[in-house]
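The next block holds one structure in the form of structure tokens; read it before the comments.
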Protein chains: 2
Amino acid sequence: MTVTLADVAARAQVSPATVSRVLNGNYPVAAATRERVLRAVDELDYVLNGPASALAAATSDLVGVLVNDIADPFFGIMAGAVQSEFGGPGGRAGGERLAVVCNTGGSPERELTYLTLLQRQRAAAVVITGGAVEDPAHAEAMAGKLRRLGEAGTRIILCGRPPVPDTGSIALTFDNRGGGRRLTEHLLDLGHRCIGYIAGPEERTTTRHRLEGHRDALKAAGVDESETVHGPYDRQSGYEAARELLRRDPDVTAIVAANDTVALGACAALREAGLRIPEDVSVAGFDDLPFSVDVVPALTTVRLPLHEAGARAGRIAMGREAEPPGKVAVIPGELMVRGSTARPRA
Amino acid sequence: MTVTLADVAARAQVSPATVSRVLNGNYPVAAATRERVLRAVDELDYVLNGPASALAAATSDLVGVLVNDIADPFFGIMAGAVQSEFGGPGGRAGGERLAVVCNTGGSPERELTYLTLLQRQRAAAVVITGGAVEDPAHAEAMAGKLRRLGEAGTRIILCGRPPVPDTGSIALTFDNRGGGRRLTEHLLDLGHRCIGYIAGPEERTTTRHRLEGHRDALKAAGVDESETVHGPYDRQSGYEAARELLRRDPDVTAIVAANDTVALGACAALREAGLRIPEDVSVAGFDDLPFSVDVVPALTTVRLPLHEAGARAGRIAMGREAEPPGKVAVIPGELMVRGSTARPRA
DNA sequence: CTGTTAGCGCTTTCAG
DNA sequence: CTGAAAGCGCTAACAG
């Protein structure tokens with residue numbers, strides 16, 4: 001029914017082994033023979049059977065990319081960058097790898113489930129992006145899973161997430177803490193003393209690190225922390241949190257949001273409340289997503305090199321770039337000062 | 001080395017077949033036996049070998065989702081919705097399907113390559129999202145590939161893309177033409193007579209249909225078409241196109257953009273040119289992405305039910321929803337009138 | 001309800 | 001450089 005490697009072999013008048021060799025190109029084959037085989041492949045419209053191949057070779061060409069929220073450009077940009085490093089010049093079989101992105105939706109269970117599914121497929125590598133959930137039980141389960149994956153030969157790269165020791169995984173970590181600190185320092189420098197903070201979901205590493213940076217800056221300046229509200233990383237959450245912040249303390253002169261999307265929601269709430277940005281309230285985000293420079297006023301934020309980090313993760317996954325020394329690289333963020341922050345009203 | 005199904009069978013004192021049956025849950029097994037097997041699985045930390053299973057069963061639990069640009073929320077939202085219909089309550093093996101999203105970057109070659117890779121994996125279903133490239137050679141190649149995939153038992157769902165006849169594929173198509181028409185009618189109603197158009201990339205079905213709708217409205221109103229500029233679906237393109245439009249015709253009173261992201265770029269260019277929105281120039285987008293309601297002024301646009309469409313595609317892929325009559329469903333867009341459009345200056 | 005028996009289609013030593 | 005043969009780990013009849 002469906003054409004197999006044996007059919008190709010018959011047609012090309014060679015043995016199945018030879019066909020396999022030319023397809024994988026990892027073994028010397030006479031040019032004339034190769035030609036004949038390739039022709040047969042074309043004529044028969046043959047497509048390699050992935051599972052059979054993976055079974056026999058005990059490895060597959062699948063690379064998994066786990067993201068917390070595929071609808072969020074933060075993850076989309078990283079995932080796209082990871083994939084951009086695969087698949088060479090679109091040739092025939094060759095070094096093609098199927099980069100597959102899996103959406104955990106931020107759920108710890110789904111994260112584990114996807115890892116199992118990937119383990120099942122004997123994935124060549126797994127790139128896990130974005131903040132981790134800090135629940136101890138889940139952290140332990142993850143560490144165990146990662147270790148087993150690593151032992152089974154799957155390369156693991158953590159991208160934008162803290163290292164998990166003793167699992168053989170490689171981590172490219174964003175300096176969320178440093179970025180958070182610089183952002184608040186900027187606001188402090190402008191003269192703000194009452195800074196509301198809209199944090200991300202609790203028990204998330206990104207949330208905690210950004211918040212810690214914020215507090216570091218406050219403490220260094222001897223300024224008391226104002227109100228802090230937690231919520232998911234979406235615009236709705238920013239909208240509601242800003243209203244809550246205003247209710248708790250109508251005198252806030254600045255609001256720092258967990259990320260740019262949240263900041264956008266916060267801006268909407270402020271405007272609805274009749275407050276001007278930045279004249280009445282300054283607003284800052286995090287990540288520097290593409291839209292952030294275009295909103296009005298343009299958003300002050302911390303730029304994270306999402307594309308670069310993802311691309312690097314992709315290269316490491318492909319074995320095309322050496323792993324960083326100590327298996328960990330810290331990637332700094334860059335403060336982008338724009339129109340949404342200014343001196344507080346006198 | 002790595003634990004196999006045979007190991008589990010030995011430990012549970014049953015035959016491999018029985019283990020397979022409890023794992024797949026598609027065959028009656030005595031409760032006590034099942035318990036024993038499950039315990040052995042846990043104790044041995046056994047993970048099914050996907051390739052072996054796929055090879056023997058001649059099907060896999062992979063579902064591919066092709067997107068043109070994973071960094072664009074338009075696709076992220078649909079892809080996330082597709083996946084949301086898979087994987088039940090996160091149970092053990094069960095009906096889990098590995099939904100994998102593949103980023104074509106809008107390249108026809110990569111689209112074909114991914115389809116081949118998916119065919120190789122014997123994917124259970126493939127969901128292809130977003131506009132198609134209209135180049136005849138590519139269209140033919142795609143039709144052939146889709147037909148072969150279908151024959152091999154892979155279910156194909158086109159989501160947000162026109163049907164491809166005679167391939168057995170199912171299409172959930174957005175009414176881009178109708179949406180485009182209503183949008184321009186809205187502008188015409190407001191009194192605009194000189195409407196610049198920033199179209200998407202040439203040879204894309206979405207581009208063509210939206211543009212046709214625009215022209216339909218113009219023609220029905222007896223208004224001449226103004227300038228039209230083509231470009232990719234990103235903010236940069238919108239920015240440049242708007243400048244170009246202004247250069248060609250400084251008297252435009254309204255600009256319709258290919259989508260919301262492009263509209264945002266266009267807004268930035270207008271503002272730079274000292275033009276107010278909507279007082280001097282009205283701007284409209286398409287898609288109604290999450291940020292569109294939050295930008296200032298809020299964007300008039302055509303809402304496409306991306307999540308609903310993706311979810312439906314996911315359900316069809318899972319075989320949990322009947323295919324639409326005639327294998328084609330047309331999904332309408334909804335005009336969202338907001339602050340970025342108003343009467344032209346007198 | 002459970003065990004036995006063949007493969008699924010490919011890769012990979014091992015010879016030639 | 002090429003062929004022969006032995007599985008990879010699992011599923012699916014077919015008996016019992």
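Protein chains get the first letters and strands the later ones, always in sequence-line order, with residue 1 at the start of each. Model, not experiment: these values are computed from the prediction.
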Using whole Å, report how far [atom1] of [X] lies from [atom2] of [N].
X: A:Leu55; N: C:dG7; atom1: CG; atom2: P; result: 17 Å
X: A:Leu23; N: C:dC10; atom1: CG; atom2: P; result: 9 Å
X: B:Tyr46; N: D:dC10; atom1: OH; atom2: C1'; result: 7 Å
X: A:Arg36; N: D:dC1; atom1: CZ; atom2: P; result: 14 Å
X: B:Arg122; N: C:dG9; atom1: CZ; atom2: P; result: 8 Å
X: B:Gln121; N: C:dC8; atom1: CD; atom2: P; result: 20 Å
X: A:Glu35; N: D:dC1; atom1: CD; atom2: C1'; result: 17 Å

Hey, is the side chain of [X] poking within less than 4.0 Å of OP1 or OP2 on [N], counting only N and O atoms?
X: B:Thr33; N: C:dC1; answer: no
X: B:Ser53; N: D:dC10; answer: no
X: B:Ser20; N: D:dT11; answer: yes
X: A:Thr4; N: C:dC8; answer: no
X: A:Thr18; N: D:dG3; answer: yes

Between B:Arg21 and B:Gly50, whichever has its closest DNA chain D nucleotide further toward 5' is B:Gly50
Check every atom of [options] against the side chain of [X] and return the nucleotide holding the closest atom.
X: A:Leu5; options: D:dG9, D:dC1, C:dC10; result: C:dC10
X: B:Leu48; options: C:dC1, D:dT2, D:dC10; result: D:dC10
X: A:Pro16; options: D:dT2, C:dT11, C:dG3; result: C:dT11
X: A:Asn24; options: D:dC14, C:dT11, D:dC10; result: C:dT11
X: B:Ala17; options: C:dC10, C:dT12, D:dA12; result: D:dA12
X: A:Asn49; options: D:dG3, D:dG9, C:dC10; result: C:dC10
X: A:Ala56; options: D:dG9, C:dC10, C:dG3; result: C:dC10

[Y]/[X] salt bridge by N-O under 4.0 Å criterion:
X: B:Glu134; Y: B:Arg204; value: no
X: B:Glu151; Y: B:Lys145; value: no
X: A:Glu111; Y: A:Arg161; value: yes
X: B:Arg148; Y: A:Asp45; value: yes

Classify the nucleic acid contact of A:Val19 as base, sugar-phosphate or nothing, counting any heavy atom under 4.0 Å across all strands shown.
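A:Val19: no heavy atom of the nucleic acid under 4.0 Å.
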Sugar-phosphate, base or nothing in reach of A:Ala58, heavy atoms under 4.0 Å
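No contact.
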Could you report the tightest heavy-atom contact between A:Arg110 and B:Gln83, atom names first, then the distance?
NH2-O, 4.1 Å
Test salt bridge (charged side-chain N to carboxylate O under 4.0 Å, His left out) on B:Glu85 and B:Arg320; report intermediate values, then the result.
CA-CA 9 Å; B:Glu85 295 294 327; B:Arg320 290 220 313 262; 2.9 Å; yes
Using heavy-atom distances to pick each residue's nearest nucleotide on DNA chain C, tell me which of B:Val14 and B:Ala52 is more 5'.
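Closer to the 5' end of DNA chain C: B:Val14.
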